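Presented below is the structure to which this report refers.
Please read all numbers here as calculations on a predicted model, not as lab measurements.
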Amino acid sequence: NKTRIMDFRLRVRLLRHLSEITKSYIKIIYVKGVNMQNSDIKDIFRCEDSILLAAMSYQAYQYYKETKIVLPKGFKLRYTILATAGVEQPAEEVFGFVAESKDKIILAFRGTASPQDYDSNLDLFQIPYPFMEFGGKTHRGITHIYQSTRNKLIEELNKFSTAKQLFVTGHRSEEHT
């Protein structure tokens, strides 16, 4: 467990360093086309939040692979996001988690990590997004994964205080190990 904590801390330090390097670049991209003189947007970006969210995305994969999770101090695991992936042989898998602190709620999702995920990735047919009028079309395989967890996830999210900041993070990688 000490090794896992050290690994987590090392990753956070690395992300903090990368964040400092890219901070101004990200700010410029984020506010492109916005008049910064008359806007509150300039206060939205925080390096600390981006580092936290990157670490939480990483933990979503660890939670799937090892059914263990290391959360930053002050956060508690509140819900495990289970969803069904696969076309030929669907299976329920851990796709992420919800963590809570005194002032934040974080939904962290992982990307492709199992044969069933790859199977869903290959279900490329475009279908109308079923949860919103004029929502456009979405990838059928990914939409089915989301459909399998959506109602329960919303039910769980409705239990949290609306006074807290809600962050959603995720990572999609077909190379993640």
Side-chain angles (χ1 to χ4, degrees), residues 4 8 11-12 15 26 30 44-46 48-177:
R4 188 179 311 274
F8 180 77
R11 288 177 189 276
V12 167
L15 288 169
I26 291 170
Y30 193 82
I44 290 176
F45 181 84
R46 290 177 19 110
E48 295 82 6
D49 290 337
S50 64
I51 292 167
L52 173 65
L53 296 176
M56 292 296 212
S57 291
Y58 174 77
Q59 287 302 310
Y61 283 97
Q62 297 309 302
Y63 195 36
Y64 164 74
K65 289 190 329 187
E66 301 178 23
T67 63
K68 294 178 186 174
I69 193 167
V70 177
L71 295 174
K73 186 176 181 179
F75 279 89
K76 293 192 185 285
L77 178 65
R78 295 297 187 206
Y79 179 68
T80 300
I81 300 169
L82 298 173
T84 303
V87 177
E88 295 296 322
Q89 297 178 330
E92 189 173 69
E93 304 175 349
V94 172
F95 265 86
F97 60 88
V98 179
E100 180 183 31
S101 71
K102 67 179 180 135
D103 59 347
K104 291 181 176 88
I105 301 163
I106 297 177
L107 273 74
F109 294 94
R110 67 163 176 83
T112 304
S114 75
Q116 285 80 12
D117 298 344
Y118 285 103
D119 197 21
S120 291
N121 288 349
L122 294 174
D123 188 4
L124 300 171
F125 187 73
Q126 296 289 296
I127 61 171
Y129 183 67
F131 306 109
M132 168 187 283
E133 190 174 10
F134 308 113
K137 291 191 173 187
T138 61
H139 180 285
R140 182 172 60 190
I142 304 304
T143 302
H144 285 169
I145 291 171
Y146 175 64
Q147 279 179 310
S148 73
T149 193
R150 181 180 188 272
N151 291 342
K152 183 67 175 154
L153 181 58
I154 290 171
E155 180 184 314
E156 291 299 317
L157 289 175
N158 283 328
K159 295 176 183 178
F160 292 101
S161 167
T162 57
K164 295 184 178 189
Q165 287 182 297
L166 174 63
F167 293 88
V168 179
T169 187
H171 180 259
R172 184 178 186 282
S173 171
E174 299 189 16
E175 301 298 323
H176 198 282
T177 57

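Considering CD of Gln116 and CD1 of Ile145, their distance stands at 10.0 Å, rounded to 0.5 Å. Atom CD1 of Ile106 sits about 8.0 Å away from atom CG of Asp49, to the nearest 0.5 Å. With values rounded to the nearest 0.5 angstrom, Tyr146 atom OH is found 10.5 Å from Thr138 atom OG1. Atom CG of Leu107 and atom CG of Leu153 lie 5.5 Å apart (nearest 0.5 Å).
Residues satisfying the side-chain hydrogen bond (donor to acceptor under 3.5 Å, both in side chains) test with Asp103, not counting sequence neighbours, are Ser101. A search for side-chain hydrogen bond (donor to acceptor under 3.5 Å, both in side chains) contacts involving Thr84 returns nothing, not counting sequence neighbours. Pro130 is linked by a side chain to side chain contact (heavy atoms under 4.5 Å, CB included) to Thr143, Gln147, counting only residues two or more places apart in sequence or in another chain. Partners of Leu124 under the side chain to side chain contact (heavy atoms under 4.5 Å, CB included) rule, at least two apart in sequence or in another chain, are His139. Residues passing the side-chain hydrogen bond (donor to acceptor under 3.5 Å, both in side chains) test with Thr169 are Ser57, sequence neighbours excluded. Residues satisfying the salt bridge (charged side-chain N to carboxylate O under 4.0 Å, His left out) test with Lys159, not counting sequence neighbours, are Glu156. Remark: Tyr64 pairs with no residue by the side-chain hydrogen bond (donor to acceptor under 3.5 Å, both in side chains) rule, at least two apart or across chains.
For residues 71-112, no residue pair satisfies the ring pair (Phe, Tyr, Trp, His ring centres under 6.0 Å) rule, not counting sequence neighbours. Within the structure, side chain to side chain donor-acceptor pair (under 3.5 Å) contacts touching residues 124-133 (residues at least two apart or in different chains) do not occur. Screening residues 111-127 for salt bridge (charged side-chain N to carboxylate O under 4.0 Å, His left out), with sequence neighbours left out, gives Arg110-Asp117, Asp123-Arg140. Applying the salt bridge (charged side-chain N to carboxylate O under 4.0 Å, His left out) definition to pairs two or more places apart or across chains, those involving residues 161-170 are Glu100-Lys164.
Side-chain contact between Leu71 and Leu77: present, with at least one pair of heavy atoms (C-beta onward) separated by less than 4.5 Å. Side-chain contact between Lys152 and Ile81 is absent, with no heavy-atom pair separated by less than 4.5 Å.
Looking at Ser120, its side chain never comes within 3.5 Å of a backbone N or O of Ile142 through a donor-acceptor pair.
Under a cut-off of 6.0 angstrom, the local environment of CD in Glu155 is crowded, with over 12 non-hydrogen atoms contributed by other residues, nucleotides or ligands.
Cation-pi geometry between Arg78 and Phe160 is not satisfied (NZ or CZ under 6.0 Å from the ring centre, within 45° of the ring normal).
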